[in-house]
Amino acid sequence: MQPNPESAAALELALLPVLQDNYVVLLRRGGLAAVVDPAVAEPVIAWLEQRKLTLVAVLQTHHHSDHIGGTPALLRRWPAAEVVASGADRERIPFQTKGVADGDRFSLLGRQVEVLEVPGHTRSHIAFHLPADLGEGAELFCGDTLFAGGCGRLFEGTAAQMHQSLQRLTAFAPTTRVWCAHEYTESNLRWAASEAPQDAAIAARLAVVRQQRARGEVTIPSTVALERATNLFVRSADGAELARLRESKNSYRG
Ligand code: ZN
Ligand code: FE
């Protein structure tokens with residue numbers, strides 16, 4: 001098989017903090033770029049223009065404005081860019097150009113992308129998995145479903161759905177990097193440590209994350225292995241346990 005000409009350059013991923021605690025993920029290979037969940041456009045356009053990149057795709061995990069807000073302006077700047085989103089949510093993401101569903105695959109910047117439907121936070125939330133390929137590691141873009149040390153609030157789905165979604169997302173290879181859309185890690189782990197005070201893995205991760213945040217560093221990406229070890233929602237046995245944990249987190253003030 002001939003290598004993709006674009007894959008002569010390595011795939012690079014970067015995080016752009018925007019709004020209060022959102023992250024936009026930027027992917028680039030050579031002169032081409034893609035972006036996941038652009039909450040706002042201006043800093044994304046500046047980042048791309050500084051590097052003289054052409055935006056070829058926007059991936060949307062769900063319809064909330066802090067994930068799609070920047071996309072219309074990005075499309076005005078790069079009208080040929082594809083917008084990949086849940087085909088079941090066309091009304092709420094009307095500018096999508098490629099509606100996708102569970103199990104769909106497409107190629108992006110020389111990598112394969114697999115679509116997973118992961119309901120719970122919203123009814124049509126999707127995630128994007130890039131399996132490891134040709135020496136490049138696996139990546140997972142999971143929006144507001146799986147957070148580092150936590151999970152999204154249940155706005156349109158059930159605890160049982162969220163439980164199943166988290167199990168699917170953490171069934172990937174342990175080294176898969178987990179790119180979630182918010183910096184909630186420290187508060188998630190503070191809550192987890194209060195919920196499971198004897199848990200050494202959670203305590204150790206909380207100590208690391210506290211230092212990172214004190215230095216102003218980001219805590220993303222996480223990994224599948226870290227979430228399996230320290231995320232109480234991922235470790236929950238079923239929807240009933242997840243529902244109890246979600247209630248506890250919703251009312252946690254600490
Ligand atoms: Zn959301
Ligand atoms: Fe969000």
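Order of appearance sets the numbers: ligands from 1, and atoms from 1 within every ligand.
- Considering all non-hydrogen atoms of both residues, Gln212 and Thr219 come closest at OE1-CG2, 3.5 Å.
- Classification of the His121-His62 ring pair by plane angle, with boundaries at 30° and 60°, yields perpendicular.
- The backbone N or O of Ala39 lies less than 3.5 Å from no partner atom in the side chain of Asn22, so there is not a single donor-acceptor pair.
- Partner Glu195 forms a salt bridge (charged side-chain N to carboxylate O under 4.0 Å, His left out) with one of Arg190, Lys249, Arg244 and no other, that one being Arg244.
- Listed by chain and number, the protein N, O or S atoms at a distance under 2.8 Å from the Zn ion (ligand 1) are His62 NE2, His64 ND1, His121 NE2, Asp144 OD2.
- Side chains of Thr170 and Glu227: a donor-acceptor N/O pair is absent below 3.5 angstrom, by distance only.
- Taking the ring pair (Phe, Tyr, Trp, His ring centres under 6.0 Å) definition, one finds that His182 meets it with His67, Phe147, Tyr184, sequence neighbours left out.
- For Phe233 and His163, the gap between ring centers reaches or exceeds 6.0 Å.
- Residue pairs meeting the salt bridge (Lys or Arg N to Asp or Glu O under 4.0 Å) criterion with at least one member in residues 142-152: none, sequence neighbours excluded.
- Ile68 places a side-chain heavy atom less than 4.5 Å from the side chain of Phe95.
- Nearby protein atoms of type N, O or S around the Fe ion (ligand 2) amount to 4 (distance under 2.8 Å).
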